[in-house]
Amino acid sequence: GQQVMQIPQYQHVQEGEDFTTYCNSSTTLSNIQWYKQRPGGHPVFLIQLVKSGEVKKQKRLTFQFGEAKKNSSLHITATQTTDVGTYFCAGRHTGTASKLTFGTGTRLQVTL
Amino acid sequence: NAGVTQTPKFQVLKTGQSMTLQCAQDMNHEYMSWYRQDPGMGLRLIHYSVGAGITDQGEVPNGYNVSRSTTEDFPLRLLSAAPSQTSVYFCASSYSPSNTEAFFGQGTRLTVV
């Protein structure tokens, strides 16, 4: 089936360190979204990428969509304790654009 | 503006019982979906709907039914609860099925004993 995998599953960093999570799809994606879920909360939309090779920034967060539209990454510069949570990518596979398939998620823990 | 409202927030069921998880949105979104979240497995799509009267299966539809009689409501029915259905369930909606952000409800934590 159409799968979206994320690595790492878990990362623990000290405040101020950088963090990156990677998302890989088994098939080409028409677009990819990123969500953040705080502990005990629900997923909240961060951004959507549509074009091959697209790069978008939100303050300390940088999102990339691969040239082949099968992978994506989220990089956080100088993490803060407010960045704690689980980050999910979610993609729509070409041909089944109405289904939003979520990745397995990366849980980020930030300590002082 | 309430967004996406799910009820109940918590539920304990006995094996074999049936129940309906409610989901309502007030944003006039066409697309609605149900996910279950289990540790280490992300969010898996159960069923989705691209508009009133139209539903389709996601990745893990077995044991669940849905209907979409109105744009606002998208209930999820568990026909005969099993311990494997213990999970956190999220309902989501979006304006369009193909390229807009999904808004999630607060979730329902279901335990089947």
* If two hydrophobic side chains count as joined below 4.5 Å and joins carry through other members, does B:Val4 share a cluster with B:Leu21? -> no
| After noting the C-alpha distance and the side-chain angles of B:Leu45 and A:Lys99, does the key distance pass the side-chain contact (heavy atoms from CB on, under 4.5 Å) rule? | CA-CA 8 Å; B:Leu45 183 64; A:Lys99 287 186 184 181; 4.0 Å; yes
- Message: Please determine whether residues A:Leu61 and A:Leu49 belong to a single hydrophobic cluster, defined as Ile, Leu, Val, Met, Phe, Trp and Tyr linked transitively by side-chain heavy-atom distances below 4.5 Å.
- Response: yes
A:Phe19-A:Leu46 co-clustered via ILVMFWY side chain contacts under 4.5 Å
yes
| Shared ILVMFWY cluster between A:Val110 and A:Leu74, side chains joined below 4.5 angstrom? | yes
Within-4.5 Å side-chain heavy-atom neighbours: B:Glu59 and A:Phe102 | no
Nearest heavy-atom contact between A:Arg92 and B:Ser94 is NH2-OG, 4.5 Å
If one checks every heavy atom of A:Tyr10 against chain B at 4.5 Å, the contacting part turns out to be neither
One should read off an interatomic distance between A:Thr86 OG1 and B:Gln37 CD, to the nearest 0.5 angstrom, of 7.5 Å
Counting only heavy atoms from other residues, nucleotides and ligands, does the tally under 6.0 Å from CZ of A:Phe45 exceed 12?
yes
If you draw a 6.0 Å radius around CD in A:Gln9, do more than 12 non-hydrogen atoms from other residues or ligands fall strictly inside?
-> no
dist A:His42:NE2 -> B:Cys91:SG (nearest 0.5 Å) comes out at 11.5 Å
- Item | Connected via hydrophobic side-chain network under 4.5 Å: B:Ile46 and A:Tyr35 | no
Side-chain contact test, heavy atoms from C-beta onward, threshold under 4.5 Å: evaluate it for A:Pro43 versus B:Leu43 and give yes or no. yes
So, the part of A:Gln6 with a heavy atom under 4.5 Å from chain B: the answer is neither
Whatever's closer than 4.5 Å to a heavy atom in chain A on B:Gln6 counts as neither
Rounded to the nearest 0.5 Å, the CG atom of A:Leu100 sits from the OH atom of B:Tyr35 at a distance of 4.0 Å
Task: Validation row: A:Gln37, B:Phe90 side chains within 4.5 angstrom (heavy atoms) - done: yes
Q | B:Met19 CE: over 12 foreign heavy atoms closer than 6.0 Å | A | yes
Filtered by a 4.5 Å non-hydrogen cutoff, the part of residues 102-113 of chain B contacting chain A is B:Ala102, B:Phe104, B:Gly105, B:Gln106
Okay, B:Thr100 and chain A: the region with an atom under 4.5 Å from a heavy atom over there is backbone
Rounding to 0.5 Å, atoms CD (A:Gln48) and CD (B:Glu101) come to a distance of 9.0 Å
